[in-house]
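The next block holds one structure in the form of structure tokens; read it before the comments.
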Amino acid sequence: MLFEVSTRVQQLSSLHICCPDPIKYGSWRIRVNLLAIVILSQGNCGLTTCTTRYLVAMAMTDLLFIITGVLLWRITFYYFLGSFLVITPVCIVIAVMFRAATEFSVWFTVAFTFDRFMAICCQKLKTKYCTEKTAVVVLTTTSILLCVKNIPFHFAYEPLWIIDNIPCFCALKSNYYTDPGWVGLDWLDTLLTPLLPFALILLLNALTVRHILVASRIRKGLRGQSKGVNCSDPEMDSRRKSVILLFTISGSFMLLWLVYVIQFLYYIITGSEPGDYNDSEYMFKRFGYMLRTLSCCTNTFIYVVTQSKFREQFRIAVKYPVTSIIQFMNKLSN
């Protein structure tokens, strides 16, 4: 038993040979996300306060995901195999927090998509719904419900090994995919994340595109652009920027979760258990997990790519330490 544990530990420790250093990667991502949170919180990116609240919440979710999924989960295998992090109760807490952070990322994306749908397609309800207060209520309620929903998963794990009467690491119970209660919970969990969000985002984006196309034709007709008159339309320009941000975030979510959804549908259709997958099926499953993980860490880069004012503020923040030192040196020299 001890030899098997030692062999497994060596295998886990050797993963850093082909993978990026999790501490360096995690610390770098934490700094980037903290910088994004600070920039968005200042409200100088040309976005409404309502939109800013959703984007800040999504950036904070990315930060939570990196802390739980990279710094607390991955580094356990690389650097702290003998620490308290490997004890089963601690491992379970980290696993559930990791699961919750993933769901926060998904449902905050849904909330943001619905908010932009209301802002673009429902002008009568826009003034009532698209407010900072509503955003705070939606985000807080969503967080509480997801936390309550994940409570049962604290009891879905069992020790992976028992070493010197100490339970170490954690894995899903052997009857998780066979016991009716756990199977029902697993179905509900997958339905809520990501099948239902996947369908909602697809529907909301389709309705948004349809509304934009109809409104664009009407505005062009009213402004005479259909007859060859070329004039700027500030309303459509503002809407275009909002739609680019919306479609980039929601489109990235759908693409990166697609493999995971296909894998789940395959699991339902074939009736096979994930533990019985062959090598190719297992690799496909892990590939889906990798893309799913990536989807929870992309929002900061999306802001940089799509928002010119965010890029400007980002450059100012990056240059700030250097400019401060230069100003301080100039004062000393004077």
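- Contact check for L291 versus Y260: no side-chain heavy atoms found under the 4.5 Å cut-off.
- Each disulfide bond (SG atoms under 2.5 Å apart) pair with one or both residues in residues 102-159, not counting sequence neighbours, would appear here, but there are none.
- Here D179 pairs with nothing under the side chain to side chain donor-acceptor pair (under 3.5 Å) rule; sequence neighbours left out.
- Scored by the ring-ring contact (aromatic ring centres under 6.0 Å, His included) test, F153 finds no partners at all (sequence neighbours excluded).
- Clustering of Ile, Leu, Val, Met, Phe, Trp and Tyr by side-chain heavy atoms under 4.5 Å joins L145 with none of the others.
- Residues in residues 127-147 take part in these ring-ring contact (aromatic ring centres under 6.0 Å, His included) pairs, two or more places apart or across chains: F114-Y129.
- Counting only residues at least two apart or in different chains, disulfide bond (SG atoms under 2.5 Å apart) contacts with residues 167-201 comprise C91-C170.
- Applying the ring-ring contact (aromatic ring centres under 6.0 Å, His included) rule to Y54 yields no partners; only residues at least two apart in sequence or on another chain are considered.
- Annotation: ring-ring contact (aromatic ring centres under 6.0 Å, His included) contacts of W107 (sequence neighbours excluded): none.
- Through direct or indirect side-chain contacts shorter than 4.5 Å among Ile, Leu, Val, Met, Phe, Trp and Tyr, F98 is connected to F65.
- Scanning for side chain to side chain donor-acceptor pair (under 3.5 Å) contacts around T131 gives T134, with sequence neighbours left out.
- The ring-ring contact (aromatic ring centres under 6.0 Å, His included) check on F112 picks up nothing, with sequence neighbours excluded.
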Check: residues 315-323 side-chain donor-acceptor pairs under 3.5 Å, at least two apart:
from, atom 1, to, atom 2, distance (Å)
T323, OG1, K319, O, 3.2
T323, OG1, Y320, O, 2.9

